[in-house]
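No hydrogens, no waters, no symmetry mates; every other heavy atom, side chains included, goes into these values. This chain uses plain numbering: 1 for the first residue, then up along the sequence.
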Amino acid sequence: MVKYSCLCLAAGLLAILSEAKPQVYPRRASPIAIPGNVPIVYGRSDGCKSPVTPKVLILATYFDEANIWPAGMPEIYNLNVTVKGLMPNYPVVHCTAANGVCLMVTGQCVINSATTMLAMAHSDLFDLRKSYVMVAGIAGGNPEYTSTGSVTFARYAAQGDIQFELASVPPDWQGTSGYFPLGTTGPNQYPTFIYGTEVYEVNQALRHRAATMAKKAKLNDTAVSQEYRTRYTQPAARKSPGVQECDTLTTNVFWSGAGIGETMGIYYTAMTNGTGIYCSTEGEDSGWLAGLFRATVVDRADFKRAIIMRSISNYDRAPPGISDYDNLFRFQQGVGSYAIALQNLYLAGKEVVDDIVKNWESTFEKGFATKNYIGDIYNTFDEKNIDYG
Ligand SMILES: *[C@@H]1O[C@H](CO)[C@@H](O)[C@H](O)[C@H]1NC(C)=O
Ligand SMILES: *[C@@H]1O[C@H](CO)[C@@H](O)[C@H](O)[C@H]1NC(C)=O
Ligand SMILES: *[C@@H]1O[C@H](CO)[C@@H](O)[C@H](O)[C@H]1NC(C)=O
């Protein structure tokens, strides 16, 4: 790895650009060992039997996202709760107190995040009916709308890989990749096969409150990230890290390239009736929202308290002159934005968490009122269909 100081910045960048071999990031082992055939002891570390009632449940999707919290908030280790049905390598939920802030690792991709969230909501060790559940994860960024290091808050999470996909497209589909909505004959049509998890819409007023709080944070930036941003022609991609309200796209596939990005953008517009714009792309939000949604239907959680916070660690497509291949393998994490994405997630997220805890009695305990539709694509929570995107 090339190390940077201010003085060797230019040389370091040249080294990155002239490096012929793509950099492959090694798969790292989980820091929490799976304890062989030693039986796991489920329950609370303080021995109490009553359910934990978090004011905020923070969701990390893997260990780097999880580790930013105890680093700044060591009290998150005050109470540990080992829960059945979570990720085998992350069975422990960490909490500041039984009615404080908790942190759970969902695992990555849609299946893990959905099943972990659902198992958590059905555990008798927790009562999540008043908990604000906030994902705090890193994501790819759409350079048309955001920049690396920025922290985004979404109203929608749409799942982009519930689609048809062709290996080669008809000539008049120029500018789009092979994805198009299920049950249709081409891009920019509303799907006719609906599976139910295509779009989730969360509390817009809560999202705005969270973004407003996050704006208090002084976000970090690095010279290397700044330089890479200048390679993009889109004004949004060239901006310094900021806090934005824009939407998220979930896919299991870790894709890279403008062709797929633009096709996903068309899909996003169709799925949200033109009201959603995806600026972040990740692998979990449709999943944990599906779990939280199902738990809400049976009164074990409150979907109206979901917050989607995603910071941008890389761009979902290459800048001019860089191939999709190199964008994926050489530039995803290698240009300094991974570190600031993690830091900014904590800096912004801490403001949101503190606001909820500090103003619990006055504002948050009773729930945060909003006017927008909240829920799934079937309008399960609102048969009158107010304002659904
Ligand atoms: C909770 O888990 C963390 C991390 O494994 C550990 O450092 C801490 O001591 C545990 N706290 C309690 C109260 O057991
Ligand atoms: C900003 O990020 C850089 C690179 O990760 C780090 O060295 C520095 O300590 C960070 N500054 C703050 C204030 O977090
Ligand atoms: C889509 O938006 C248009 C314009 O705001 C509105 O008239 C229409 O009812 C919306 N459709 C749905 C399905 O929400």
Please check: side-chain N/O of [X] versus main-chain N/O of [Y], any donor-acceptor pairing under 3.5 Å?
| X | Y | result |
| --- | --- | --- |
| N372 | V202 | yes |
| T269 | G265 | yes |
| R310 | I138 | yes |
| N99 | P54 | no |
| N78 | T96 | yes |
| Y90 | F63 | yes |
| T192 | G183 | yes |
| Q244 | Y145 | yes |
| T296 | F303 | yes |
| E282 | D285 | yes |

Counterpart residues, side-chain hydrogen bond (donor to acceptor under 3.5 Å, both in side chains), relative to T152 (two or more places apart):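 T152 satisfies side-chain hydrogen bond (donor to acceptor under 3.5 Å, both in side chains) with no other residue.
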Does the separation of the ring centres of Y232 and Y315 fall below 6.0 angstrom?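 Centroid separation for Y232 and Y315: below 6.0 Å.
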Would you check if the distance from the ring center of Y179 to the ring center of Y267 is below 6.0 Å?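 Ring-ring flag for Y179/Y267: false, centres at least 6.0 Å apart.
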Between [Y] and [X], is there a side-chain heavy-atom distance shorter than 4.5 Å?
| X | Y | answer |
| --- | --- | --- |
| V352 | I307 | yes |
| V52 | L125 | no |
| L249 | Q159 | no |
| E75 | V101 | no |
| I377 | Y200 | no |
| V353 | M134 | yes |
| R294 | L118 | yes |
| N314 | Y338 | no |

Please state whether the rings of [X] and [Y] are parallel, tilted or perpendicular, taking 30° and 60° as the class boundaries.
| X | Y | answer |
| --- | --- | --- |
| Y132 | F364 | perpendicular |
| F180 | F164 | tilted |
| Y77 | H94 | perpendicular |
| Y268 | Y156 | perpendicular |
| W69 | Y346 | perpendicular |

Do V110 and I260 sit in one hydrophobic cluster, given that two such residues count as connected whenever their side-chain heavy atoms are within less than 4.5 Å of each other, even indirectly?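 Unlinked, V110 and I260 end up in two clusters.
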Taking a hydrophobic cluster as the set of Ile, Leu, Val, Met, Phe, Trp and Tyr residues connected by side-chain heavy atoms closer than 4.5 Å, whether directly or through intermediates, do L166 and V253 fall within one such cluster?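 Unlinked, L166 and V253 end up in two clusters.
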T116 vs T106, test: side-chain hydrogen bond (donor to acceptor under 3.5 Å, both in side chains). Steps then yes/no. CA-CA 5 Å; T116 303; T106 63; 5.8 Å; no
When Y278 is tested against each of D316, D247, T248 for side-chain hydrogen bond (donor to acceptor under 3.5 Å, both in side chains), which residue passes?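 By the side-chain hydrogen bond (donor to acceptor under 3.5 Å, both in side chains) criterion, Y278 pairs with just one of D316, D247, T248: D316.
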Working to the nearest 0.5 Å, report the span between [atom1] of [X] and [atom2] of [Y].
| X | Y | atom1 | atom2 | value |
| --- | --- | --- | --- | --- |
| D354 | N359 | CG | CG | 10.0 Å |
| C102 | I58 | SG | CD1 | 8.5 Å |
| I312 | S225 | CD1 | OG | 12.5 Å |
| T197 | Y378 | OG1 | OH | 8.5 Å |
| Q163 | T251 | CD | OG1 | 10.0 Å |
| Y62 | E284 | OH | CD | 9.0 Å |

For [X], I'd like to know if atom [atom1] has over 12 heavy atoms of other residues, nucleotides or ligands within 6.0 Å.
| X | atom1 | answer |
| --- | --- | --- |
| K84 | NZ | no |
| H208 | NE2 | no |
| I111 | CD1 | no |
| R209 | CZ | yes |

Worked check of side-chain hydrogen bond (donor to acceptor under 3.5 Å, both in side chains) between S286 and T250: CA-CA 6 Å; S286 301; T250 307; 3.2 Å; yes
Pair T230-Q226, side-chain hydrogen bond (donor to acceptor under 3.5 Å, both in side chains): steps then yes or no: CA-CA 7 Å; T230 65; Q226 282 162 12; over 6 Å; no
Please enumerate all residues that pass salt bridge (charged side-chain N to carboxylate O under 4.0 Å, His left out) together with E65, with sequence neighbours excluded.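 Counting only residues at least two positions away or on another chain, E65 forms no salt bridge (charged side-chain N to carboxylate O under 4.0 Å, His left out).
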List for me each residue that meets salt bridge (charged side-chain N to carboxylate O under 4.0 Å, His left out) alongside D124, sequence neighbours excluded, and say none if there are none.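 For D124, the residues satisfying salt bridge (charged side-chain N to carboxylate O under 4.0 Å, His left out) (neighbours in sequence not counted) are R300.
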[X] side chain to [Y] side chain, donor-acceptor N/O pair below 3.5 angstrom:
| X | Y | result |
| --- | --- | --- |
| D172 | Q174 | no |
| R305 | S131 | no |
| T370 | Q204 | no |

Begin from the C-alpha positions of T148 and R229 and carry the test side-chain hydrogen bond (donor to acceptor under 3.5 Å, both in side chains) through to its verdict. CA-CA 8 Å; T148 45; R229 277 181 217 124; 3.0 Å; yes
Closest approach of [X] to [Y] (non-hydrogen atoms, all atoms of both residues):
| X | Y | value |
| --- | --- | --- |
| W360 | K130 | CH2-O, 3.2 Å |
| V81 | C95 | CG2-SG, 4.5 Å |
| V83 | V93 | CG2-CG2, 4.0 Å |
| A341 | S311 | O-OG, 2.8 Å |
| S147 | S240 | OG-O, 3.7 Å |
| S177 | T263 | N-OG1, 2.6 Å |

E245 and R155 ion-paired at < 4.0 Å: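 Not counted as a salt bridge, because no side-chain N and carboxylate O are separated by less than 4.0 Å.
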From CA spacing to verdict: side-chain contact (heavy atoms from CB on, under 4.5 Å), Q343, I68: CA-CA 7 Å; Q343 275 169 6; I68 59 179; over 6 Å; no
Going through the distances and angles, do T61 and V105 end up as a side-chain contact (heavy atoms from CB on, under 4.5 Å)? CA-CA 5 Å; T61 75; V105 177; over 6 Å; no
